[in-house]
Amino acid sequence: GAVVSQHPSWVICKSGTSVKIECRSLDFQATTMFWYRQFPKQSLMLMATSNEGSKATYEQGVEKDKFLINHASLTLSTLTVTSAHPEDSSFYICSARGGQRYYGYTFGSGTRLTVV
Amino acid sequence: EDQVTQSPEALRLQEGESSSLNCSYTVSGLRGLFWYRQDPGKGPEFLFTLYSAGEEKEKERLKATLTKKESFLHITAPKPEDSATYLCAVQAGYGGATNKLIFGTGTLLAVQP
C-alpha cells in the first residue's frame, strides 16, 4: 500500500515555456502533499506544502509565481514551473501524506527537468 | 533552528564489512525520525520511522536506533545491492507546524564486492 505516482519521469523544455508535473496518491487519500527540489549530490530541499483545497505554503526563498502548486483533490497535486529557465533545471520530487489510516510520508519517483 | 546532520558524507565498505551511519538532530519537539534509501535518479524509499528514545527497528541487514540526540543506521554484512544514498529526516514542532520533514544531507554508501 501507499503508492505515489509522479509523471513525467523526465522532461526537456525550451526556455520561456511552462512545464506541469503531476503527483498522484494511488491507494490512499493524501491530505497533504509536499514538493521538493534536489540538486546533484545534495539533499532534498522543501519547496512548498499543500493541503487539499487550500493554497500552498511556500518555503522562504521559493518564488510563488514561478512554481505554481495546485492540490485540487485528495489524490492529485500538480507543480507548474512557469517561464522556465536553465537555472530551473533540477530533480523535482513530490511526497504525500494521508490523514486517516496512513500517516507516513511516501515519495514519488521524481521528475528530471532540463530547460534548454 | 531545527537541524539534521548526517555523517559520514560518504562511506565505502567491502561486502560483509558491517558499519553504522549517524544522524544527529537538534529540533524542538521531535515527533518522528525517518530513514530513507535513495537510488540515483529515484525518489526516496521508506525504511524506518522511530518515535522515541530507545526505540529500535530492523529490516533484513538494517537496524535503526534512536536516542535523544541521534539515530544510527546499522548495516550488518552489507551486499553490493545496499549501495545507495541513505537519508535521515525528522518531523518536529508543536501544534499545527508539525507536518514537514527536515532532511539531512545524506550518506552515500558504496559496497564493493
Side-chain angles (χ1 to χ4, degrees), chain A residues 1-11 21 23-25 28 30-52 54 56-60 62 71 90-99 102-114, chain B residues 1-11 21-25 27 30-51 57 59 64 73 83-93 95-110:
Chain A
V3 178
V4 172
S5 174
Q6 185 174 342
H7 292 281
S9 299
W10 59 271
V11 57
I21 302 169
C23 180
R24 293 180 183 271
S25 57
F28 68 99
T31 52
T32 308
M33 286 190 170
F34 307 86
W35 287 95
Y36 296 84
R37 186 172 181 177
Q38 188 176 33
F39 292 102
K41 299 186 179 180
Q42 293 189 25
S43 193
L44 280 69
M45 182 188 77
L46 180 65
M47 298 174 65
T49 302
S50 73
N51 293 296
E52 184 265 338
S54 303
T57 301
Y58 290 81
E59 295 298 301
Q60 191 171 9
V62 177
H71 191 167
S90 191
F91 192 56
Y92 293 88
I93 308 173
C94 72
S95 173
R97 188 173 190 232
Y102 178 68
Y103 293 95
Y105 297 80
T106 304
F107 286 81
S109 54
T111 297
R112 171 72 59 193
L113 169 64
T114 302
Chain B
E1 182 182 348
D2 296 336
Q3 199 165 6
V4 179
T5 304
Q6 289 187 248
S7 62
E9 289 186 9
L11 180 61
L21 312 181
N22 177 265
C23 172
S24 299
Y25 62 90
V27 297
L30 178 72
R31 297 178 67 85
L33 185 142
F34 298 76
W35 281 99
Y36 290 88
R37 169 194 171 126
Q38 186 178 26
D39 292 301
K42 303 286 186 182
E45 175 189 340
F46 172 77
L47 294 175
F48 304 107
T49 308
L50 302 168
Y51 294 102
K57 288 190 177 175
K59 179 182 178 182
L73 183 66
S83 298
T85 295
Y86 290 84
L87 297 168
C88 167
V90 298
Q91 179 193 7
T98 58
N99 242 337
K100 61 183 181 181
L101 294 181
I102 303 166
F103 277 88
T105 51
T107 293
L108 176 60
L109 174 65

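Lettering follows sequence order; numbering is per chain, from 1.
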Novice: Could you check whether A:Y105 and B:F46 have their ring centres less than 6.0 Å apart?
Specialist: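 No, ring centres 6.0 Å or more apart.
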
Novice: At a 4.5 Å cut-off on heavy atoms, which part of A:L46 comes close to chain B: side chain, backbone, both, or neither?
Specialist: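 When you check distances to chain B, only side chain atoms of A:L46 fall under 4.5 Å.
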
Novice: Which region of B:I102, side chain (C-beta onward) or backbone (N, CA, C, O), has a non-hydrogen atom less than 4.5 Å from a non-hydrogen atom of chain A, or is it both or neither?
Specialist: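 Answer is neither: B:I102 stays 4.5 Å or more from chain A.
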
Novice: Does any part of the side chain of A:Y36, heavy atoms only, come nearer than 4.5 Å to the side chain of B:L101, both counted from C-beta?
Specialist: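 They are in side-chain contact.
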
Novice: Go through A:W10, A:F91, A:F107 and name the one with the most non-hydrogen pairs under 4.5 angstrom from chain B.
Specialist: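 The option with the most such pairs is A:F107.
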
Novice: Report yes or no: does A:S43 contribute a side-chain atom to a donor-acceptor pair with the main-chain N or O of B:G104 at less than 3.5 Å?
Specialist: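 Indeed, once roles are kept as given, a pair shorter than 3.5 Å links the two residues.
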
Novice: CD of B:Q3: more than 12 outside heavy atoms within 6.0 angstrom?
Specialist: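 Counting other residues, nucleotides and ligands, CD of B:Q3 stays at 12 neighbours or fewer.
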
Novice: Side-chain contact test, heavy atoms from C-beta onward, threshold under 4.5 Å: evaluate it for A:K41 versus B:L108 and give yes or no.
Specialist: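 With C-beta onward as the side chain, the pair stays apart.
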
Novice: When you compare the side chain of B:Q91 with that of A:R97, does any pair of heavy atoms fall below 4.5 Å?
Specialist: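 Answer yes - side chains close enough.
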
Novice: Could you pull out all residues at least two apart from B:S24 that satisfy side-chain hydrogen bond (donor to acceptor under 3.5 Å, both in side chains)?
Specialist: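 Once residues adjacent in sequence are excluded, the partners of B:S24 under the side-chain hydrogen bond (donor to acceptor under 3.5 Å, both in side chains) criterion are B:N22.
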
Novice: What's the separation between atom CZ in B:F103 and atom CD in A:Q38, rounded to the nearest 0.5 Å?
Specialist: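 If I round to the nearest 0.5 Å, the distance is 9.0 Å.
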
Novice: With salt bridge (Lys or Arg N to Asp or Glu O under 4.0 Å) as the rule and sequence neighbours excluded, what pairs involving residues 38-51 of chain B come up?
Specialist: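 Listed once each, the pairs are B:R37-B:D39.
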
Novice: Within this structure, what is the OH-OG1 distance for the pair B:Y36 and A:T106, rounded to the nearest 0.5 Å?
Specialist: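 Reported value, rounded in 0.5 Å steps: 7.0 Å.
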
Novice: Could you grab the distance from atom OG1 of A:T57 to atom NZ of B:K100, nearest 0.5 Å is fine?
Specialist: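 A:T57 atom OG1 to B:K100 atom NZ measures 9.0 Å (nearest 0.5 Å).
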
